There are 2 protein chains.
Amino acid sequence: MFSNSSSHQGLSWAAERHRFIEAGGNTSHAFGLGRMIGRAYAMLYLATSPMSLDDIAATLRVSKASASTVLRQLASWQAVRQIWVAGDRKDYYEAETDFSVILKEGLMPGVRKKLQTAGTQIEKTLQSSTQKAPTTPANEEVAPADQAEIRRRLRSAQQLHQRLDKVLGSKLLARFL
Amino acid sequence: MFSNSSSHQGLSWAAERHRFIEAGGNTSHAFGLGRMIGRAYAMLYLATSPMSLDDIAATLRVSKASASTVLRQLASWQAVRQIWVAGDRKDYYEAETDFSVILKEGLMPGVRKKLQTAGTQIEKTLQSSTQKAPTTPANEEVAPADQAEIRRRLRSAQQLHQRLDKVLGSKLLARFL
DNA sequence: AACATTGTTCAGAAAATTTTGAACGTTCCC
DNA sequence: GGGAACGTTCAAAATTTTCTGAACAATGTT
């Protein structure tokens, strides 16, 4: 006699919750954020009361060290709030369930920062290619016509970068989500 | 006597190109696409004539095996085109410089697919939580009030997913970029 | 037919990332 | 002060991901 509560079709709630957590991990991982981030957030998203660090580590089957770092990461994105319970020295956490907050305060700035690096490099490369270099002796194997084409492309990339950055910065997107 | 062509300030073109390539790699890596993808694309983006597999592998200092796989990946995203030169058995590649094509044909479908998995799981979890379970004996430690809250959250997540998928699917975004 | 050239595949090696246990710093209580 | 309860940090271990060399298939050349 197995105490597998759910009667017909479908897994028990515990099992389904586990799947949800793993799916969260896979999703965050797929976008280059690490698997723990998604797992921890997904878990808190389904928790109706704040959880302590130990609770979280235990549920995720992970060391307290991992839990600590991943939660601070999530907190820095405003994806998780720290709750102080009077007369209890533990830190409790709950998920921010308003995605627009997480997007606006956490994810977007992160994405923009990542793009920033790329943008800076495009700029530098463009400058380097624009180098007058008026008939420099060793004019390095780049024919003038090619040079023009390269500049055209770089400017195009720069434009894309600027438009993208603008969209991500605008409140429009965050509002829409 | 160093033959470092560029006169004042700034690196030589070769050096700057190298930096551009690495920046491309870092960017793609930051978004979970692997470092090679960005390096290969960045390199072809600056190449004014199609390059063979060997050229590419040599320039990136990478085995032919790596080059082969990364190029097929890029081709599947329409980020790179294969060029056939008459009477030459080699495959030549050139970059698609129109980003909207890459976005629309390559990246967006990939992103949507990644989100699809998450969406499916949300759906399943929602169903599992909606399980009538009319006073099942072992009603698994979930208070009715909590259950309601969880369902609310899951529906909210589902909505976000749907909106997101819709935006990504619409031609609007691709057109804007 | 034997050989050359080229791209692909895949098991294993190399490299990068993630996870952990142990040491430590704080704060609180006895 | 001594000790217990927590969270954090960090070097090292475990795991995952990426890369490579060798074997191979396909096509063309002598």
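Quick note on labels: first sequence line is chain A, next is B, and so on, each numbered from 1. Note that the coordinates shown come from a computational prediction; the quantities given were computed from them, not determined experimentally.
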Modelled atom types, side-chain donor and acceptor of A:Thr69 and A:Gln73, under 3.5 Å:
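The criterion, which ignores hydrogens and geometry beyond distance, is not satisfied for A:Gln73 and A:Thr69.
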Assess, by modelled atom type and distance only, whether the side chains of B:Gln121 and B:Thr117 contain a donor and an acceptor separated by less than 3.5 Å.
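Looking only at side-chain atoms, B:Thr117 and B:Gln121 do not form any donor-acceptor pair under 3.5 Å.
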Distance in angstrom units between [X] [atom1] and [N] [atom2], rounded:
{"X": "A:Arg61", "N": "C:dT20", "atom1": "CZ", "atom2": "P", "result": "12 Å"}
{"X": "A:Leu33", "N": "C:dT17", "atom1": "CG", "atom2": "P", "result": "14 Å"}
{"X": "B:Ile37", "N": "D:dT17", "atom1": "CD1", "atom2": "P", "result": "16 Å"}
{"X": "B:Lys90", "N": "D:dA26", "atom1": "NZ", "atom2": "C1'", "result": "17 Å"}
{"X": "B:Leu53", "N": "D:dT20", "atom1": "CG", "atom2": "C1'", "result": "14 Å"}
{"X": "A:Gln82", "N": "D:dT8", "atom1": "CD", "atom2": "P", "result": "7 Å"}
{"X": "B:Tyr92", "N": "C:dG7", "atom1": "OH", "atom2": "P", "result": "9 Å"}
{"X": "B:Ile56", "N": "C:dT6", "atom1": "CD1", "atom2": "C1'", "result": "14 Å"}

Can you establish whether the number of heavy atoms outside A:Arg153 located under 6.0 Å from its atom CZ is more than 12?
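Counting neighbours around CZ of A:Arg153, more than 12 heavy atoms of other residues, nucleotides or ligands fall under 6.0 Å, so yes.
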Around atom CZ of B:Arg19, are there more than 12 heavy atoms from other residues, nucleotides or ligands closer than 6.0 Å?
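For B:Arg19, atom CZ is not crowded (no more than 12 foreign heavy atoms under 6.0 Å).
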Looking at C:dT6, does its base get a donor-acceptor pair with the side chain of B:Arg89 below 3.5 Å?
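No.
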D:dT16, OP1 or OP2 - any side-chain N/O from A:His29 closer than 4.0 Å?
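No, because none of the side-chain N or O atoms of A:His29 sits under 4.0 Å from OP1 or OP2 of D:dT16.
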May I ask you to verify if any side-chain N or O of B:Arg72 is less than 4.0 angstrom from the OP1 or OP2 atom of C:dT8?
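Answer is yes, contact under 4.0 Å.
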As a test of reading the structure: which of C:dT6, D:dT17, D:dG21 is closest to the side chain of A:Arg35, going by heavy atoms?
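Side chain of A:Arg35 sits closest to D:dT17.
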Same cluster for A:Leu160 and B:Val101 if Ile/Leu/Val/Met/Phe/Trp/Tyr side chains link at under 4.5 Å?
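No, separate clusters.
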With distance as the sole test, does A:Arg39 use its side chain to make a donor-acceptor pair with the main-chain N or O of A:Leu60 at under 3.5 Å?
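Checking the backbone N and O of A:Leu60 against the side chain of A:Arg39, a donor-acceptor pair under 3.5 Å is found.
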Please list, by residue number, the residues of residues 64-71 of chain B whose heavy atoms come closer than 4.0 Å to an atom of DNA chain C; answer none if no residue qualifies.
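Heavy-atom contacts with DNA chain C come from B:Lys64, B:Ala65, B:Ser68.
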Sole residue of A:Arg151, A:Gln147, A:Arg152 in side-chain hydrogen bond (donor to acceptor under 3.5 Å, both in side chains) with A:Glu149:
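Result: among A:Arg151, A:Gln147, A:Arg152, A:Arg152 is the only option passing the side-chain hydrogen bond (donor to acceptor under 3.5 Å, both in side chains) with A:Glu149.
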